[in-house]
Amino acid sequence: MEIIIMSTPADVGRVAAAKIASVVAKNPSAVIGLATGSSPLVIYTELKRRVDAGEISFAQARGFALDEYVGIPLEHPESYANVIARDVVVPLGFDPARVRVPNGRADDLESAAKEYDAAIHSAGGIDVQILGIGTNGHIGFNEPTSSFASRTRIKTLAPRTREDNARYFDSLELVPMHCMTQGLGTILDAQQVVLVAHGTAKAKAVAAAIEGPVSSFVPGSALQLHEHAMVVVDEDAAAELQLADYYRYTYANKPTWQFDL
Ligand code: F6R
């Protein structure tokens with residue numbers, strides 16, 4: 001795992017976006033795993049800057065969102081279908097027909113979840129997966145004790161996650177109880193993963209995921225099993241890392257050729 005500590009959230013976005021941009025530069029029809037929430041906004045902002053500058057294009061790229069709420073209509077401003085359209089598809093110029101979000105409104109949710117996993121597989125798998133991390137250590141909506149072998153499926157959101165996400169809704173009661181999320185197994189199948197976190201609220205989860213034992217109790221710790229996982233955090237989110245100095249030293253001495261991998 002490569003751990004990079006940057007001064008500010010904007011720097012986090014710049015470093016993570018460089019990784020996504022290098023994947024798309026090598027393969028314009030790359031398959032990108034898309035996260036929602038506040039953490040990846042810094043990545044999308046920097047990618048938009050690059051798109052506007054004519055440096056990269058997502059016109060041929062494909063996208064698969066990590067997750068979707070179950071129980072809110074498509075037109076709800078906080079449905080992840082809407083969030084992905086607003087934060088990613090429109091600003092970055094993806095072809096909407098090439099971006100999918102799990103269907104949390106399907107009559108048969110189980111079949112829809114299986115079909116989503118199959119669609120990722122048919123697209124050739126995810127080349128680079130963008131991730132945030134929940135304050136309880138979840139990635140996607142894989143809440144604590146999710147199986148490392150799990151595939152896209154329905155989950156019940158943890159009370160902590162509903163509280164954390166209540167800021168997007170008028171009240172806690174209106175936060176959906178269920179979701180459809182890529183599984184930890186689905187996420188681990190991606191060729192590369194890039195997790196970003198900023199702010200002190202994430203410090204404990206980041207430390208547990210990176211330096212704690214590999215355990216389904218901290219779903220983010222599954223990334224310790226991934227061959228190409230990059231974690232980019234700001235100083236606040238790095239506050240609980242025991243080996244922070246080592247990660248700074250490693251990044252400061254990163255061989256130039258490795259930046260293009
Ligand atoms: C989003 C997702 C979640 C979030 C996590 C952090 O698609 O799957 O894992 O990344 O809840 O959310 P923020 O970034 O809003 O703190």
Side-chain angles (χ1 to χ4, degrees), residues 33-41 64-88 100-117 120 129-188 190 193 195-206 208-209 212 215-223 237:
L34 301 164
T36 54
S38 55
S39 308
L41 293 179
F64 284 91
L66 264 175
D67 38 25
E68 173 62 293
Y69 291 118
V70 169
I72 56 174
L74 183 62
E75 52 288 355
H76 191 291
E78 294 308 324
S79 78
Y80 282 176
N82 255 326
V83 174
I84 288 286
R86 194 166 67 222
D87 291 350
V88 184
R100 287 201 53 182
V101 178
N103 183 0
R105 295 157 303 279
D107 291 334
D108 182 346
L109 289 166
E110 240 182 287
S111 303
K114 281 201 174 66
E115 189 275 328
Y116 195 73
D117 236 60
I120 293 175
Q129 174 68 59
I130 299 169
L131 293 171
I133 188 166
T135 55
N136 66 356
H138 74 213
I139 52 174
F141 276 143
N142 294 282
E143 301 289 23
T145 71
S146 288
S147 163
F148 280 21
S150 52
R151 314 300 308 181
T152 303
R153 70 211 183 290
I154 303 302
K155 287 290 285 180
T156 303
L157 292 168
R160 174 104 173 252
T161 301
R162 293 186 66 238
E163 281 159 27
D164 286 347
N165 287 7
R167 66 193 194 276
Y168 294 114
F169 294 83
D170 288 338
S171 72
L172 178 58
E173 293 66 43
L174 294 175
V175 182
M177 187 61 75
H178 298 104
C179 63
M180 188 183 291
T181 180
Q182 286 188 34
L184 291 175
T186 317
I187 293 169
L188 289 175
V193 297
L195 183 146
V196 290
H198 35 86
T200 44
K202 297 296 173 69
K204 279 199 164 49
V206 164
S215 162
S216 64
F217 194 70
V218 181
S221 69
L223 300 188

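In what follows, every heavy atom counts, from backbone to side chain, and hydrogens, waters and symmetry copies are set aside.
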Can you find a heavy atom in the side chain of [X] that is under 4.5 Å from one in the side chain of [Y]?
{"X": "Leu109", "Y": "Met180", "answer": "yes"}
{"X": "His138", "Y": "Ile133", "answer": "no"}
{"X": "Lys114", "Y": "Asp117", "answer": "no"}
{"X": "Phe64", "Y": "Thr152", "answer": "no"}
{"X": "Phe141", "Y": "Leu157", "answer": "yes"}

Can you tell me if [X] uses its side chain to pair, donor with acceptor, with the backbone of [Y] under 3.5 Å?
{"X": "Asn82", "Y": "Leu74", "value": "yes"}
{"X": "Gln129", "Y": "Ala190", "value": "no"}
{"X": "Gln182", "Y": "Ala65", "value": "yes"}
{"X": "Arg160", "Y": "Gly134", "value": "no"}
{"X": "Ser221", "Y": "Ser215", "value": "yes"}

* Please lay out, stage by stage, how Arg162 and Phe169 fare under the test side-chain contact (heavy atoms from CB on, under 4.5 Å). => CA-CA 10 Å; Arg162 293 186 66 238; Phe169 294 83; over 6 Å; no

* Would you indicate whether Asp108, at its atom CG, is surrounded by more than 12 heavy atoms from other residues, nucleotides or ligands within a distance under 6.0 Å? => yes

For residues [X] and [Y], report the shortest heavy-atom separation together with the two atoms involved.
{"X": "Ser216", "Y": "Phe148", "value": "CA-CE1, 3.5 Å"}
{"X": "Glu68", "Y": "Ala81", "value": "OE2-N, 3.1 Å"}
{"X": "Asn165", "Y": "Tyr69", "value": "ND2-OH, 3.1 Å"}
{"X": "Leu184", "Y": "Ser150", "value": "N-OG, 3.0 Å"}
{"X": "Gly220", "Y": "Ala209", "value": "C-CB, 3.7 Å"}
{"X": "Tyr168", "Y": "Ser38", "value": "OH-N, 3.5 Å"}

* May I have the step-by-step check of side-chain contact (heavy atoms from CB on, under 4.5 Å) for Thr36 and Leu66, ending in yes or no? => CA-CA 8 Å; Thr36 54; Leu66 264 175; over 6 Å; no

* Asked: How would you list, by chain and number, every residue that makes a side chain to side chain donor-acceptor pair (under 3.5 Å) with Glu78, sequence neighbours excluded?
  ->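 Residues passing side chain to side chain donor-acceptor pair (under 3.5 Å) with Glu78: none at all.
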
* Asked: What residues form a side chain to side chain donor-acceptor pair (under 3.5 Å) with Thr200, not counting sequence neighbours?
  ->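 Per chain and number, Thr200 pairs via side chain to side chain donor-acceptor pair (under 3.5 Å) with no residue.
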
* **Name of the residue among Val193, Val218, Ile187 meeting side-chain contact (heavy atoms from CB on, under 4.5 Å) with Ile139** => Ile187

* In a check of side-chain contact (heavy atoms from CB on, under 4.5 Å) between Val70 and each of Thr181, Ile154, Thr156, which one passes? -> Ile154

* To do: Find the distance between CD1 (Ile130) and CG (Leu195) and round it off to the nearest 0.5 Å.
  => 11.0 Å

Show me, pair by pair, the donor-acceptor contacts under 3.5 angstrom made by side chains of residues 171-179, not counting sequence neighbours?
| unit_1 | atom_1 | unit_2 | atom_2 | d |
| --- | --- | --- | --- | --- |
| Ser171 | OG | Glu173 | OE1 | 3.3 |

* To do: Show the numbers, then the answer: is there a side-chain contact (heavy atoms from CB on, under 4.5 Å) between Asn136 and Glu143?
  => CA-CA 8 Å; Asn136 66 356; Glu143 301 289 23; 2.9 Å; yes

* Is there a donor-acceptor contact under 3.5 Å linking the side chains of Arg105 and Ser79? -> no

* To do: For Lys202 and Ser39, run side-chain contact (heavy atoms from CB on, under 4.5 Å): C-alpha distance rounded to whole Å, both residues' side-chain angles, the deciding distance at 0.1 Å, then the answer.
  => CA-CA 10 Å; Lys202 297 296 173 69; Ser39 308; 3.5 Å; yes

